[in-house]
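Letters A, B, ... are given to chains in the order of the sequence lines, protein chains preceding strands, and every chain is numbered from 1. Just so we're clear, the structure is a prediction, and the values are computed from it rather than from any experiment.
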Amino acid sequence: MFALVDCNSFYASCEQVFRPDLRGKPVVVLSNNDGFVVARSREAKALGIGDLQPFFKIEPLLRRNNVAIFSSNYPLYGDLSNRVMTTLKNFSPHIEVYSIDEMFLSLHGMQNKTLQHGQEIKHRLWDHVRMPVGVGIAPTKTLAKMANRTAKKIRKLDGVCILDQPYKWEWVLRRVPVTAIWGVARRMAARLAKLNIESAWDLASANPRIIRGHSNICLERIIEELNGRPCLSLEELPSAKKQIYCTRSFGKKARELQPVLEAISLYAARAADKLRAQKYLALAMHIFFHTSPFKSNFHSVSDIVKLPYPTDDTRLITALARDTAARLYRPGHEFLKAGIGLTEIVDKKHYQFDLLHPGQSEKSDRVMKVMDKINNSEGRGTLFLAAQGVRKPWYMRQQFTSPQYTTKWSDLPVIKA
DNA sequence: TCTGGGGTCCTAGGACCC
DNA sequence: TCTGGGGTCCTAGGACCC
């Protein structure tokens with residue numbers, strides 16, 4: 001049996017942890033650059049605020065209804081996510097962290113008291129972290145996802161849903177469209193509709209081989225999983241990243257080369273930081289920037305360049321990223337977004353170096369080590385390359401950021417006596 | 001004025017090999 | 001008359017996830 005624990009409106013719930021005055025009130029959290037609504041408390045949903053709505057379009061509605069608005073505060077969310085995970089480890093030795101707000105647990109050998117178990121998980125997370133969650137329990141991950149969704153939709157279930165018998169999951173699957181299934185979205189649904197498959201149950205009772213002819217192996221696995229036959233296993237060890245991207249929209253559109261170069265430099269440095277944290281080296285890099293796709297004359301440039309040797313040196317990666325960006329840049333455009341990706345990455349420890357090429361110098365390693373040490377102890381961005389610029393007027397908008405309550409000494413909440 | 005960011009996996013088709 | 005069979009690797013593009 002698998003349990004899927006999914007935090008309710010995770011980002012909004014995180015903001016409420018240190019603002020209990022906002023409990024029971026409408027709260028929304030915006031994406032980077034204050035672009036979209038990415039999380040809504042239940043009360044905000046009740047006001048008719050949809051998911052992924054552009055902020056500028058719904059701002060009047062939010063103001064009118066006194067909705068609490070927050071920019072994304074990832075240090076806070078990441079830390080609370082870790083606390084949720086730590087608490088869950090008391091319930092099962094086998095946990096997969098699927099995303100920042102979702103964890104799968106293996107409940108092997110606990111078949112008989114699953115409902116009680118689910119309730120305990122929910123209550124403990126509220127007691128320890130003040131995090132409201134839904135719990136779905138079923139014999140496969142796909143059904144556990146469905147159980148979780150059901151736990152949140154049907155109030156009577158009180159946040160916990162167990163689908164441990166075929167008649168139970170048949171009841172649910174008959175009542176939801178295929179798009180309610182994990183791994184089936186709009187485009188797949190359109191193709192299935194042509195085969196007269198509309199409900200999740202239609203898909204569950206279809207012939208996997210025939211469906212595969214119309215699609216791919218993923219959908220065949222989904223059918224098996226919907227029938228209680230596990231195809232997806234618990235992945236306890238997070239797999240190493242295969243590519244590392246850092247990309248952002250500009251807070252103020254870039255009309256000149258300078259802000260583009262500064263942004264590219266900053267994102268190159270961030271990507272290199274992540275690369276070193278994973279103890280990997282990069283062999284190639286993807287650089288791109290573009291204007292708004294919502295406007296006419298959409299202009300987009302990109303290039304993939306090889307690094308001279310496998311490296312994790314911020315200085316080398318930044319220099320090449322800047323040269324590439326300068327080469328791609330054409331004046332006369334208002335750039336909306338820029339980014340870089342490290343696309344070919346290899347394990348630093350096991351990489352076989354070229355016999356005739358010395359590769360990255362030890363001096364480079366030492367410089368990067370010092371840089372990381374300072375930035376880890378004094379805060380990110382304490383030591384940086386001047387190429388990133390100092391004032392950064394192009395940096396993303398974050399008008400409504402809450403304090404980093406749990407990860408920054410100066411933001412620690414103060415209790416008044 | 002104003003629309004996120006960071007990933008993964010799969011397949012088809014081309015290039016190339018013996 | 002008339003041009004195999006089996007395989008690998010790479011890339012672009014599609015689809016999906018949170």
Side-chain angles (χ1 to χ4, degrees), chain A residues 4-12 28-39 50-60 62 69-74 77-78 81 96-104 141-142 145 148-149 178-192 212-222 231-232 235 238-253 255 263 266-267 270-271 274-275 278 284 286 288-295 298 302 304 334 336-345 395-400:
Chain A
L4 174 64
V5 178
D6 185 322
C7 303
N8 299 347
S9 317
F10 181 59
Y11 297 169
V28 299
V29 178
L30 305 177
S31 64
N32 271 337
N33 218 29
D34 294 340
F36 289 105
V37 172
V38 290
D51 196 21
L52 299 185
Q53 300 241 301
F55 174 54
F56 75 91
K57 281 192 185 164
I58 57 159
E59 190 176 0
L62 300 180
I69 303 165
F70 291 96
S71 303
S72 294
N73 181 349
Y74 290 103
Y77 311 152
S81 176
E96 172 184 341
V97 178
Y98 177 65
S99 75
I100 195 166
D101 70 333
E102 282 177 58
M103 285 105 195
F104 283 104
K141 287 169 101 176
T142 305
K145 270 281 210 183
N148 190 290
R149 184 181 183 278
V178 281
T179 48
I181 301 166
W182 183 36
V184 180
R186 212 185 63 234
R187 304 196 186 246
M188 189 65 79
R191 276 155 70 177
L192 290 172
R212 176 154 181 194
H214 292 274
S215 168
N216 59 29
I217 185 105
C218 299
L219 202 55
E220 189 178 353
R221 284 196 194 115
I222 287 172
C231 294
L232 307 172
E235 286 167 35
S239 50
K241 299 260 179 290
K242 290 167 184 160
Q243 42 187 34
I244 294 175
Y245 270 84
C246 184
T247 141
R248 295 276 182 283
S249 293
F250 292 104
K252 207 172 103 193
K253 291 223 182 91
R255 295 182 178 80
L266 174 63
Y267 307 153
R270 294 255 174 100
K274 292 186 202 171
L275 186 70
Q278 192 178 302
H286 180 200
F288 58 93
F289 42 99
H290 58 77
T291 62
S292 170
F294 297 97
K295 298 261 168 75
F298 176 62
S302 82
I304 291 173
E334 299 190 331
L336 174 88
K337 184 190 270 192
I340 89 136
L342 301 171
T343 51
E344 279 174 49
I345 61 185
Y395 198 69
M396 67 178 173
R397 284 186 299 275
Q398 286 178 303
Q399 277 189 79
F400 315 103

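Using modelled atom types and a 3.5 Å distance limit, the side chains of A:D34 and A:S71 yield a donor-acceptor pair.
By the 4.5 Å heavy-atom criterion applied to side chains, A:L219 and A:L192 are counted as neighbours. At least one side-chain heavy atom of A:Q278 sits under 4.5 Å from a side-chain heavy atom of A:I345. Looking only at side-chain heavy atoms (C-beta outward), A:Y77 and A:D101 stay at 4.5 Å or farther from each other. Taking the side chain as every heavy atom from C-beta outward, A:P293 and A:L336 approach each other to under 4.5 Å. Residues A:L62 and A:F55 meet the side-chain proximity criterion, which asks for heavy atoms closer than 4.5 Å.
Here A:S99 does not reach the OP1 or OP2 of C:dC17: none of its side-chain N or O atoms lies under 4.0 Å away. At the phosphate of B:dC2, neither OP1 nor OP2 sits under 4.0 Å from any side-chain N or O atom of A:K252. Between A:R397 and B:dG4 there is no side-chain N or O to OP1 or OP2 distance below 4.0 Å. Close to B:dG5, at under 4.0 Å from its OP1 or OP2, lies a side-chain N or O of A:K337. A sub-4.0 Å separation between OP1 or OP2 of B:dT3 and a side-chain N or O of A:K295 is absent.
Between the P atom of B:dT3 and the CD atom of A:E59 lies a distance of 13 Å, rounded to the nearest Å. When rounded to the nearest whole Å, the span between OH of A:Y395 and P of B:dG5 equals 10 Å. In this entry the distance linking CG of A:L52 with C1' of C:dC18 reads 10 Å, nearest Å. Rounding to whole angstrom units, CZ of residue A:R248 and P of B:dG5 are separated by 6 Å. What separates CD1 of A:I304 from C1' of C:dA12 is a distance of 10 Å, to the nearest Å. For the pair A:H286 NE2 and B:dG5 P, the computed distance is 15 Å after rounding to whole Å. Atom OH of A:Y267 is separated from atom C1' of B:dG6 by 14 Å (rounded to the nearest Å). Summarising the geometry, the separation between CZ on A:F250 and P on B:dG4 is reported as 14 Å, rounded to the nearest angstrom.
Under the 4.0 Å criterion applied to side-chain N and carboxylate O atoms, A:E96 and A:K141 are assigned as salt-bridge partners.
Closest to the side chain of A:Y98, from the set C:dC17, B:dG6, B:dG4, is C:dC17. Ranking C:dC18, B:dG6, B:dG5 by closeness to the A:Y245 side chain, first place goes to B:dG6.
Looking at heavy-atom distances under 4.0 Å, A:D34 makes no contact with the nucleic acid at all. Within the 4.0 angstrom heavy-atom criterion, no nucleotide atom of any strand lies near A:I100. Across all strands shown, A:R221 has heavy atoms under 4.0 Å from sugar-phosphate atoms exclusively, and none from any base. If you check every strand for non-hydrogen atoms under 4.0 Å, A:N32 touches sugar and phosphate atoms only.
The aromatic rings of A:Y74 and A:Y11 stand perpendicular to each other, their planes meeting at an angle above 60°, with 30° marking the opposite boundary.
Map A:K57 and A:S215 each onto its nearest nucleotide of DNA chain B; the residue landing nearer the 5' end is A:K57. Nucleotides of DNA chain B nearest to A:C246 and A:F56 differ in position, and the one nearer the 5' end is that of A:F56.
At least one donor-acceptor pair closer than 3.5 Å links the side chain of A:N148 to the backbone N or O of A:L4. Checking side-chain atoms of A:S81 against main-chain N and O of A:I100 turns up a donor-acceptor pair under 3.5 Å. Between the side chain of A:R255 and the main chain of A:E334, no donor-acceptor pair closer than 3.5 Å is present.
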Pairing annotation in dot-bracket form, given for DNA chain B with Watson-Crick or G-U pairs under 3.5 Å and | for cross-strand partners:
....||||||||||||||
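Not less than 6.0 angstrom separates the ring centroid of A:Y267 from the ring centroid of A:F289.
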Atom pairs under 3.5 Å: protein N/O with N/O of nucleotides 7-9 of chain C:
none

Give me, pair by pair, the N or O atoms of the protein and of nucleotides 14-16 of chain C that are less than 3.5 Å apart, along with how far apart they are.
| from | atom 1 | to | atom 2 | distance (Å) |
| --- | --- | --- | --- | --- |
| C:dC16 | OP1 | A:A185 | N | 3.0 |
| C:dC16 | OP1 | A:A185 | O | 3.1 |
| C:dC16 | OP1 | A:M188 | N | 2.8 |
| C:dC16 | OP2 | A:R187 | N | 3.4 |

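Put simply, the residue from A:R270, A:H286, A:K274 that forms a side chain to side chain donor-acceptor pair (under 3.5 Å) with A:Y245 is A:H286.
Using P as the reference atom, B:dT3 and C:dC18 are 25 Å apart when rounded to the nearest Å.
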